[in-house]
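Values in this document were obtained by computation on a predicted structure and should not be read as measured data.
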Amino acid sequence: MASAAFFSTCLLANKNYLFLAPTNASAKGYISNLRVPNLASIVLRNERFVRLRGLVAMVDEGASKVSDDDSRMKIPHVLTVAGSDSGAGAGIQADLKACAARRVYCSTVITAVTAQNTVGVQGVSNVPEDFVAEQLKSVLSDMEVDVVKTGMLPSIGIVKILCNTLKEFPVQALVVDPVMVSTSGDVLAGPSILSTFREVLLPMADIITPNLKEASALLNGMQLETVDDMRSAARLLHNMGPKNVLVKGGDLPDSSDAVDILYDGLNFYELRSPRIRTRNTHGTGCSLASCIAAELAKGYPVVSAVKVAKRYVETALGYSKEIGIGNGPQGPFDHLLRLKSHSQDCHRQRPFSPSDLFLYAVTDSRMNKRWGRSIADAVKAAIDGGATIVQLREKDAETKDFLESAKACLRICRSHGVPLLINDRVDVAIACDADGVHVGQSDMPAHVARTLLGPEKIIGVSCKTPEQAQQAWVDGADYIGCGGVYPTNTKENNTTVGLDGLKTVCTASKLPVVAIGGIGVSNAGAVMEIGVPNLKGVAVVSALFDRESILTETKKLHSVLLGSNVGGT
């Protein structure tokens with residue numbers, strides 16, 4: 001799921017929803033403490049809904065309650081012990097972003113502060129060792145850390161302090177990224193620290209993640225030029241004590257693939273993927289190790305954690321390959337897969353306004369098929385005629401086709417500054433970066449949609465009663481759609497509320513309202529003249545899209561609305 005695929009997590013269990021956990025979760029206390037694992041693909045289920053895959057959701061307000069005795073949910077927690085990167089591409093900053101992307105809490109112990117940008121490292125100032133010790137004790141004594149991940153450890157004293165502190169405050173796993181040289185070639189840890197790494201730190205590690213240069217340094221300059229060399233290095237490093245060794249081959253010469261070798265003392269795992277050509281690779285090592293730590297904190301085994309982490313970094317690099325930050329040879333990448341979306345959203349910077357509801361066009365796949373029109377052509381005609389917001393309601397379209405059509409419609413809407421919402425399909429809305437969704441009473445709850453989409457997206461809810469309108473406000477919706485006002489052929493067995501019902505819901509609602517259901521040129525004026533200030537517009541399906549000329553009908557309806565007692569656009 002392009003961006004959304006990364007932010008997948010499991011759902012809490014209740015009578016309507018499926019809770020999936022890794023096979024070793026119970027043994028680690030993840031089920032008893034309701035720690036939520038992060039699965040690559042899940043299915044959200046209730047009696048009517050089996051659609052959303054690979055997305056995150058907290059499904060009900062009571063979900064955070066574990067029991068009467070323990071009302072706190074245990075959240076997977078990684079502590080990163082590393083240096084600060086002022087350019088925010090690597091180090092502590094990369095660790096924080098990678099853990100956030102994997103939905104894991106990350107605390108920090110800073111070992112050094114660097115002056116660093118896309119050109120290189122201009123300066124390093126180590127944090128005093130006694131203050132590193134104070135940071136470690138502060139976090140580990142209180143915050144229930146699951147996994148510790150290390151990055152830049154600039155002195156022998158800091159390494160020893162870390163190891164001694166972990167003996168006092170043991171954790172489930174230790175991930176060691178033996179940072180010695182930055183990707184730009186700047187030395188971050190001198191050769192004097194190597195023996196301490198070998199003798200003290202590596203034997204405590206559950207997994208170490210050296211790149212070729214770091215593996216070579218730990219092995220006294222051993223040349224690593226082939227995959228067989230990487231296997232030999234992994235075996236030799238494993239003999240130093242870590243339970244698992246991941247030798248990263250991103251710099252392997254004469255290789256069209258990015259090859260990593262994982263060795264657990266018994267088996268070798270060769271992980272290959274196409275090499276992504278981009279300058280934006282700063283912080284890949286830190287991010288990979290942090291992602292491994294995050295997956296281990298959720299209870300996953302090492303092999304699974306490494307596979308997820310590699311896929312995560314690959315996808316983030318692919319997404320970020322065209323981003324331009326800084327003027328140096330090595331730029332950062334976007335851990336959260338959001339920077340390009342924001343940049344491309346230049347046509348719609350303003351937040352949702354109730355006036356957007358003025359003329360609300362709702363597409364219908366059956367009508368488009370009947371008239372031989374594409375979804376994009378129908379949307380373009382409606383916008384040209386004066387539609388102020390568009391909802392894609394394509395119940396019969398295949399998901400792949402719907403997604404491609406939604407992307408095409410989004411380009412049209414963005415170029416005109418018109419919001420585009422997706423009916424029901426939150427997965428499609430996330431995948432195409434639509435402006436929001438509209439859900440019905442039998443669809444995904446609005447508060448779950450809000451969790452998935454974030455605070456800036458638009459969420460509308462269909463309501464027929466004051467109670468439903470109140471719940472929509474509580475759940476964080478932006479507007480409600482009330483109807484059907486009149487009988488309509490677009491929904492079977494749809495109970496109408498009439499003008500009196502519409503007025504009752506509008507009066508009770510704390511949100512702006514758009515009226516829907518059987519509305520067209522002949523009755524739109526009567527709807528808008530019921531005398532309630534928060535009725536902001538009408539939503540129309542057949543009156544626009546089941547006509548020979550969408551453009552003509554939209555212009556007619558727009559003119560009627562302008563002549564009614566509505567605040568205009």
Side-chain angles (χ1 to χ4, degrees), residues 78-96 106-117 120-141 145 147-171 173-211 213-221 237 240-242 245 282-283 285-287 289-290 293:
V78 170
L79 167 61
T80 172
V81 184
S84 170
D85 173 3
S86 58
I92 287 285
Q93 289 83 352
D95 298 339
L96 287 167
C106 184
S107 55
T108 64
V109 168
I110 299 177
T111 60
V113 178
T114 68
Q116 190 172 170
N117 55 24
V121 179
Q122 290 80 46
V124 178
S125 177
N126 292 350
V127 174
E129 292 176 1
D130 58 348
F131 195 67
V132 172
E134 191 170 345
Q135 292 178 75
L136 281 165
K137 185 173 182 180
S138 177
V139 176
L140 290 168
S141 65
V145 172
V147 177
V148 169
K149 176 263 175 185
T150 70
M152 180 181 175
L153 303 174
S155 72
I156 293 172
I158 286 177
V159 176
K160 291 182 176 179
I161 286 169
L162 171 65
C163 294
N164 290 334
T165 305
L166 289 177
K167 292 174 184 176
E168 182 181 356
F169 301 100
V171 294
L174 172 63
V175 177
V176 174
D177 185 21
V179 176
M180 300 169 197
V181 180
S182 73
T183 316
S184 58
D186 298 283
V187 176
L188 299 176
S192 61
I193 205 172
L194 289 175
S195 60
T196 308
F197 267 50
R198 299 187 193 103
E199 298 166 11
V200 181
L201 184 61
L202 298 193
M204 295 183 65
D206 290 88
I207 182 171
I208 64 172
T209 61
N211 59 29
K213 291 179 182 178
E214 292 157 350
S216 176
L218 288 168
L219 295 171
N220 297 310
L237 289 169
M240 296 180 185
V245 177
H282 187 47
C286 305
S287 302
S290 293

**Prompt:** Below 4.5 Å, heavy atoms only, C-beta onward: do N126 and V132 meet side chain to side chain?
**Reply:** no
**Request:** Applying side-chain contact (heavy atoms from CB on, under 4.5 Å) between V159 and each of N164, I193, V81, report the one that passes.
**Result:** I193
**Asked** Do the side chains of V78 and S290 get nearer than 4.5 Å, heavy atoms only?
**Response** no
**Fill in**
dist L219:CG -> M240:CE (nearest 0.5 Å) comes out at 4.5 Å
**Complete:** What one should report as the nearest heavy-atom pair of E129 and S155 is OE2-OG, 3.0 Å
**Asked** Do you know which two heavy atoms are closest between I110 and A112, and how far apart they sit?
**Response** CG2-O, 3.3 Å
**Item:** E168 (side chain) donor-acceptor with T165 (main chain) under 3.5 angstrom
**Value:** no
**Prompt:** Okay, side chain of Q122, backbone of G120: is any donor-acceptor separation there less than 3.5 Å?
**Reply:** yes
**Item:** Minimum heavy-atom distance S107-V139, with the two atoms named
**Value:** OG-CG1, 3.4 Å
**Prompt:** Can you check whether N220 reaches R198 side chain to side chain, under 4.5 Å on heavy atoms?
**Reply:** yes
**Request:** Hey, could you give me the CD1/OG1 distance between I158 and T111, rounded to the nearest 0.5 Å?
**Result:** 5.5 Å
**Asked** Distance from D177 atom CG to S287 atom OG, nearest 0.5 Å?
**Response** 9.5 Å
**Request:** Measure the shortest side-chain to side-chain distance between L237 and E214 over non-hydrogen atoms and say whether it is less than 4.5 angstrom.
**Result:** no
**Request:** Taking all non-hydrogen atoms of both residues into account, name the closest pair between C286 and G91 and its distance.
**Result:** SG-N, 3.3 Å
**Prompt:** If we only count heavy atoms from C-beta on, is the L166 to L140 side-chain gap below 4.5 Å?
**Reply:** yes
**Item:** Candidate pair M204 and L162, rule side chain to side chain contact (heavy atoms under 4.5 Å, CB included), full reasoning
**Value:** CA-CA 11 Å; M204 295 183 65; L162 171 65; over 6 Å; no
**Minimum side-chain heavy-atom gap D95-T108 below 4.5 Å** = no
**Asked** Once you round to the nearest 0.5 Å, how far does SG of C163 lie from CG of L202?
**Response** 9.0 Å
**Item:** side chain to side chain contact (heavy atoms under 4.5 Å, CB included) between V127 and E134, intermediate numbers included
**Value:** CA-CA 11 Å; V127 174; E134 191 170 345; over 6 Å; no
**Prompt:** Does the side chain to side chain contact (heavy atoms under 4.5 Å, CB included) test come out yes or no for H282 and D85, once each step is laid out?
**Reply:** CA-CA 11 Å; H282 187 47; D85 173 3; 3.1 Å; yes
**Request:** Could you grab the distance from atom CD1 of I161 to atom CD1 of I156, nearest 0.5 Å is fine?
**Result:** 12.0 Å
**Message:** Is it the case that the side chain of D206 and the backbone of L174 share a donor-acceptor pair, with hydrogens and angles ignored and the cut-off at 3.5 Å?
**Reply:** yes
**Message:** Between M152 and V124, is there a side-chain heavy-atom distance shorter than 4.5 Å?
**Reply:** yes
**Complete:** Shortest non-hydrogen pair, T80 vs C106, comes out as CG2-SG, 3.6 Å
**Heavy-atom pair of closest approach, residues K149 and A289** = CE-CB, 3.7 Å
**Asked** Can you check side chain to side chain contact (heavy atoms under 4.5 Å, CB included) on L201 and L153, steps first, answer last?
**Response** CA-CA 11 Å; L201 184 61; L153 303 174; 3.7 Å; yes
